[in-house]
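Notes follow once the structure below has been shown.
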Amino acid sequence: MKFRSPKNLRGYYELVWKLARLIPRGRVASYGQLALMLPAPQGVNDDAYRAFGPRWVGGAMAHCPDNVPWHRVLNSQGKISSRPGAEKQRKLLEAEGIVFVKDRIDLKKYGWAGPK
DNA sequence: GTTGTGACATCGC
DNA sequence: CGCGATGCCACAA
């Protein structure tokens, strides 16, 4: 059963979830990173996507299926985004071996390069 | 059809 | 380093 949505945009969300699931344990990715990594939906200008990509990724995460490690997705600042349960997310990340430095994560160390 | 909002990013001060 | 303001798309009411 599919999500009611004849449009590809909703399918794009699923794509985001799929990519999020590919994030290995102990590693994190940023919304902008995922946005740049994923292709822009048909009918969307590349420029516009670049500007609003991260927000769409966030929108996809907003639906947050249970099978998606949403806690491994952070913002470009390497911090947890505003969202209920942010503290819980930090706990989950620490449980995976990720070290927080002043509420921040070293993306150079834990930054996910992609499925490659 | 219009208005408001969104789990962001980037630039400026 | 921190805060404020701006930009863009689609969806929901």
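Predicted, not measured: the structure shown is a model, and the values here were computed from it. Chain naming here is simple, since letters A, B, ... match the order of the sequence lines and numbering starts at 1 in each.
Atom OH in A:Y13 sits about 14 Å away from atom P in B:dG6, given to the nearest Å. Between A:R55 atom CZ and B:dC8 atom P there is a gap of 9 Å when expressed in whole angstrom units. With rounding to whole Å, A:L9 atom CG is found 6 Å from C:dA10 atom C1'. Atom NE2 of A:H63 is separated from atom P of B:dG6 by 14 Å (rounded to the nearest Å). Summarising the geometry, the separation between CZ on A:F52 and P on B:dT10 is reported as 15 Å, rounded to the nearest angstrom. Residue A:L38 contributes atom CG, which lies 19 Å from atom P of C:dC9 at whole-angstrom precision. Here the C1' atom of nucleotide C:dC8 and the OH atom of A:Y49 are 13 Å apart, to the nearest Å. To the nearest angstrom, P of C:dC8 lies 14 Å from CG of A:D46.
At distances below 3.5 Å, not a single donor-acceptor pair connects side-chain atoms of A:W17 with backbone N or O atoms of A:C64. Side chain of A:N45 to main chain of A:D47: no donor-acceptor pair is present (N/O by atom type, distance under 3.5 Å, no hydrogens or angles).
Both the sub-6.0 Å distance and the 45° axial angle are not jointly satisfied by A:R10 relative to the ring of A:Y13.
Taking the nucleotide of DNA chain B with the nearest heavy atom to each of A:S30 and A:W56, the more 5' of the two is matched to A:W56.
Under a 4.0 Å N-O distance rule, the pair A:R72/A:E96 qualifies as a salt bridge.
For A:Q77, the listed nucleotide lying nearest its side chain is B:dT10; candidates were C:dC8, C:dA10, B:dT10. With C:dC9, C:dA12, C:dG7 as the candidates, the nucleotide lying closest to the side chain of A:R10 is C:dA12.
An OP1 or OP2 oxygen of B:dC8 is reached within less than 4.0 angstrom by no side-chain nitrogen or oxygen of A:S76. Side-chain nitrogen and oxygen atoms of A:R104 include at least one within less than 4.0 Å of the OP1 or OP2 phosphate oxygen of C:dG2. At least one side-chain nitrogen or oxygen of A:S81 sits closer than 4.0 Å to the OP1 or OP2 atom of B:dC8.
Looking at heavy atoms from C-beta onward, A:I23 lies in side-chain contact with A:V73 at the 4.5 angstrom threshold.
Within 4.0 Å (heavy atoms only), A:G59 reaches no atom of the nucleic acid at all. Within 4.0 Å (heavy atoms only), A:A62 reaches at least one base atom of the nucleic acid.
The base of C:dC8 has none of its N or O atoms less than 3.5 Å from a complementary donor or acceptor on the side chain of A:R50.
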